[in-house]
Protein chains: 2
Amino acid sequence: MEVELSHRDQDILKATVISYIKTAAPIGSRSITKQFDFGLSAATIRNIMADLKDLGFLLQPHTSAGRVPTEKAYRFYVDLLLEENRDLSEIEHYQLAKTEDLNTLLHDASKTLSILSGYASIVMAPRIETIIFKHIKFISLKKNLILAIFVTGDGHPYNITVEMDEPLSQKELDRLSAIINDRYSDRSLDEIRKSLLTEMHEEKKRYEQLLIKVFDLNKKNLNEFQENQLFLEGTTNIMDLPEFTETEKIKSLFKAFEEKVALVKLLDRCLSSEGPQVLIGSENAFLEANECSLVISSYRLGEKDVGAVGVIGPIRMEYHRVISLVDYTAKLITKAHLC
Amino acid sequence: MEVELSHRDQDILKATVISYIKTAAPIGSRSITKQFDFGLSAATIRNIMADLKDLGFLLQPHTSAGRVPTEKAYRFYVDLLLEENRDLSEIEHYQLAKTEDLNTLLHDASKTLSILSGYASIVMAPRIETIIFKHIKFISLKKNLILAIFVTGDGHPYNITVEMDEPLSQKELDRLSAIINDRYSDRSLDEIRKSLLTEMHEEKKRYEQLLIKVFDLNKKNLNEFQENQLFLEGTTNIMDLPEFTETEKIKSLFKAFEEKVALVKLLDRCLSSEGPQVLIGSENAFLEANECSLVISSYRLGEKDVGAVGVIGPIRMEYHRVISLVDYTAKLITKAHLC
DNA sequence: CTTGGCACTCTAAGATAAAGAGTGCTAATT
DNA sequence: AATTAGCACTCTTTATCTTAGAGTGCCAAG
């Protein structure tokens, strides 16, 4: 079954995909001869396209219509792109506004990415577990309300409000923070979490409640926290696409967008892989349900991949341009982190 | 022109509005006689409806169709509701989960409101200018990066990261915070802002950059800040409504939703007024453009109205239920603030 | 193997017709 | 004088039919 495509077949397939990405309408053999110069007649192209149909790369909405690429065709096209195009030369090299606030940076990146891609962009802030802890400070807000601020290795603050059953004096809090800073500085939250559960026997009793909540030892708020760390922009761009003219499809996609947890999971899966990744239609349950594709790349903080940026678009996405754009944006964020 | 409607005319008008709110289809004289028992024949109702049409309360899509309420009719109906119904008895009295975090509370309220109303909900966090300042604390994050945390009168923290041209020692920062806490505790940010510009001559030079950024004296980030303090939930509910089947209308509304600044302005306008407010269609530019209505109520913090909750729905909204719901939710938030 | 030619297929768009809901008016009734 | 029944008329909606057009599939010739 798995026959190698001849060079010429590949060219025709590529041409069909490219053409369909532009027009979103079934591609006829005639229009291929007009747009591309293969030195072949429409009839020949027609024969080749019939073969490609049999191989599962193209399909016909009905007998007397042009051909439409299948997901297999997009996969073939994208794999070719990812092989060939390691240079990413053709996109405009934008810059992000300088800012001290990480969230602002990511928000900006997401907005820019949505505008330049013309699709919806999605940016996930660093996974909290991977963050490197530097030091912590406690501030008493009200009687039993304590604000914990921890600062990360790269100088970003996170704050957590904790309600205590019994009040703690500022002196006690300072003592506790000194201990924590001394013992856990420069370690990841994940490590700290594990250590805290085994070490800290003497302090534990008195501060148990506080520590559990601050380091979220029972991982209660993790999902909700991460949910707030997701930037989704340009979703309305999707509505301008011809494949999303039916209200039902728009509805389904936007309901999915509201479920941020599912999106976080989707991005999370791609964190560990190298370079830009492309998920096409039914290669993923979320995408399949909404007939769309995802181009995604992770950004680094230090030497670890901690977050991801991506673009959600139609299966008929301009993969070439978007892959470059996503890859570039991820690198931009990695670079901004360094300063 | 402004003739008083007879009691009977009012009843027919009300019946037409109520019926149309349910069905979203033009209301015929016959269907009125079926649904309501006025002891009148269809022909009589027909005559009355013709009068109401002449008075601008009803209109006909075409000669041989039923009647549809105009905005004037909704206004009449809503004014009647607001007069009569100060009791709000008929909605279910839900509760919000206890939480220490104000944003979580507002987010929860927004989600609940959208689910219970069946429309889109919108919740604005307290306007930052109205917040009562309690004390401030500075933490050095990196060389020239300072984190300022100010705590409000009711114990909620806000933090701002400031990048300085020159570093300040922790000692200096502590001295400055002591001065600020001493001088400005229990005053609103708006007041503090005004005072800072005139007072603080001696400290000003050295700390000018820091103070300007922390208290946002040039109001640069205010809009962006407020933008992040807006919770919009259940927007996809709107897509289920028959008036939003056309993709163009959905698109327009969702593009408007992305413009959070406009929404903030819309809510802001209503902050000072007493009780639940209703804006119907063309009574507001934003709503007119998207053919929808807004029910809104402000919540208090102390004795000042600081934020607002609302519901955005079709002009054919179930005002009765929604007004009660919005009013109740606003009161719930006000109450939660007190603890 | 490639190509021109041509009959055939299927959709999309326009045209026509019939059904149905509701009005507006008139004349009869209370 | 207000109310009601009756009925012709209007306008939309839905279904059916027709036609134009794009594109294929296949055959026979190059």
Side-chain angles (χ1 to χ4, degrees), chain A residues 3-13 15-17 19-20 22-70 73 242-243 245-246, chain B residues 3-13 15-17 19-20 22-70 73 242-243 245-246:
Chain A
V3 197
E4 273 289 297
L5 290 180
S6 79
H7 221 280
R8 200 181 60 177
D9 293 351
Q10 291 192 16
D11 286 345
I12 303 291
L13 179 54
T16 312
V17 171
S19 195
Y20 185 77
K22 262 217 199 85
T23 62
I27 306 300
S29 52
R30 190 84 207 295
S31 76
I32 293 274
T33 62
K34 271 187 193 161
Q35 283 178 68
F36 303 85
D37 189 18
F38 289 119
L40 294 172
S41 75
T44 312
I45 306 258
R46 206 142 59 225
N47 290 330
I48 297 171
M49 285 174 107
D51 294 345
L52 288 170
K53 188 189 114 186
D54 292 337
L55 288 169
F57 287 105
L58 301 177
L59 56 80
Q60 288 175 291
H62 53 268
T63 330
S64 64
R67 304 312 206 294
V68 173
T70 62
E243 34 267 272
T245 39
E246 287 160 63
Chain B
V3 196
E4 273 288 297
L5 290 181
S6 79
H7 220 280
R8 200 180 61 177
D9 292 352
Q10 291 193 16
D11 286 344
I12 303 290
L13 179 53
T16 312
V17 171
S19 196
Y20 186 75
K22 262 217 199 85
T23 63
I27 307 299
S29 52
R30 191 82 207 297
S31 77
I32 294 273
T33 62
K34 271 187 194 160
Q35 283 178 71
F36 303 84
D37 189 18
F38 289 120
L40 295 171
S41 75
T44 312
I45 307 257
R46 206 142 61 226
N47 289 331
I48 297 170
M49 285 173 107
D51 294 346
L52 289 170
K53 188 189 113 185
D54 293 337
L55 289 168
F57 287 105
L58 300 177
L59 57 79
Q60 288 176 291
H62 53 270
T63 331
S64 64
R67 304 312 207 292
V68 172
T70 62
E243 35 266 273
T245 40
E246 287 160 61

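Quick note on labels: first sequence line is chain A, next is B, and so on, each numbered from 1.
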Asks: Nearest whole Å is fine: how far is dT23(C) P from D51(B) CG?
Replies: 14 Å
Asks: Measure the distance from CD1 on I32(A) to C1' on dA22(D) and round it to the nearest whole Å.
Replies: 15 Å
Asks: Each nucleotide in nucleotides 24-30 of chain D should get exactly one letter: B, S or -. Can you fill that in based on protein heavy atoms under 4.0 Å?
Replies: BBB----
Asks: Starting from P on dG23(D), measure out to CG on L59(A) and report it in whole angstrom.
Replies: 16 Å
Asks: Report the residues that fulfil side chain to side chain donor-acceptor pair (under 3.5 Å) with T33(B), sequence neighbours left out, ordered by chain and then residue number.
Replies: none
Asks: Please enumerate all residues that pass side chain to side chain contact (heavy atoms under 4.5 Å, CB included) together with A43(B), with sequence neighbours excluded.
Replies: S41(B), R46(B)
Asks: Could you tell me which residues satisfy ring-ring contact (aromatic ring centres under 6.0 Å, His included) with Y20(A), sequence neighbours excluded, listed by chain and number?
Replies: none
Asks: Over the length of the helix from dC1(C)-dG30(D) to dT30(C)-dA1(D), how much do the five-pair end axes diverge, rounded to 10 degrees?
Replies: 20°
Asks: Show which side-chain atoms of residues 59-66 of chain B pair as donor or acceptor with protein atoms under 3.5 Å away, not counting sequence neighbours.
Replies:
{"from": "Q60(B)", "atom 1": "OE1", "to": "K53(B)", "atom 2": "NZ", "distance (Å)": "3.1"}
{"from": "Q60(B)", "atom 1": "NE2", "to": "T63(B)", "atom 2": "O", "distance (Å)": "3.2"}
{"from": "Q60(B)", "atom 1": "NE2", "to": "A65(B)", "atom 2": "O", "distance (Å)": "3.4"}

Asks: So, the side chain of T70(B) versus the backbone of G56(B): is there a donor-acceptor pair under 3.5 Å, distance only?
Replies: yes
Asks: Can you sort out the partners of E243(B) under side chain to side chain donor-acceptor pair (under 3.5 Å), two or more places apart, ordered by chain and number?
Replies: R316(B)
Asks: Just how far, in rounded Å, is P of dC1(C) from CD1 of I48(A)?
Replies: 12 Å
Asks: Test of understanding: with side chain to side chain contact (heavy atoms under 4.5 Å, CB included), list the residues that count as partners of S6(A), not counting sequence neighbours.
Replies: R8(A), D9(A)
Asks: Mapping P26(A) and I45(B) to their closest nucleotides on DNA chain D, which lands nearer the 5' end?
Replies: I45(B)
Asks: Under the side chain to side chain contact (heavy atoms under 4.5 Å, CB included) rule, collect the residues that match up with T23(B), sequence neighbours excluded.
Replies: A25(B), I27(B)
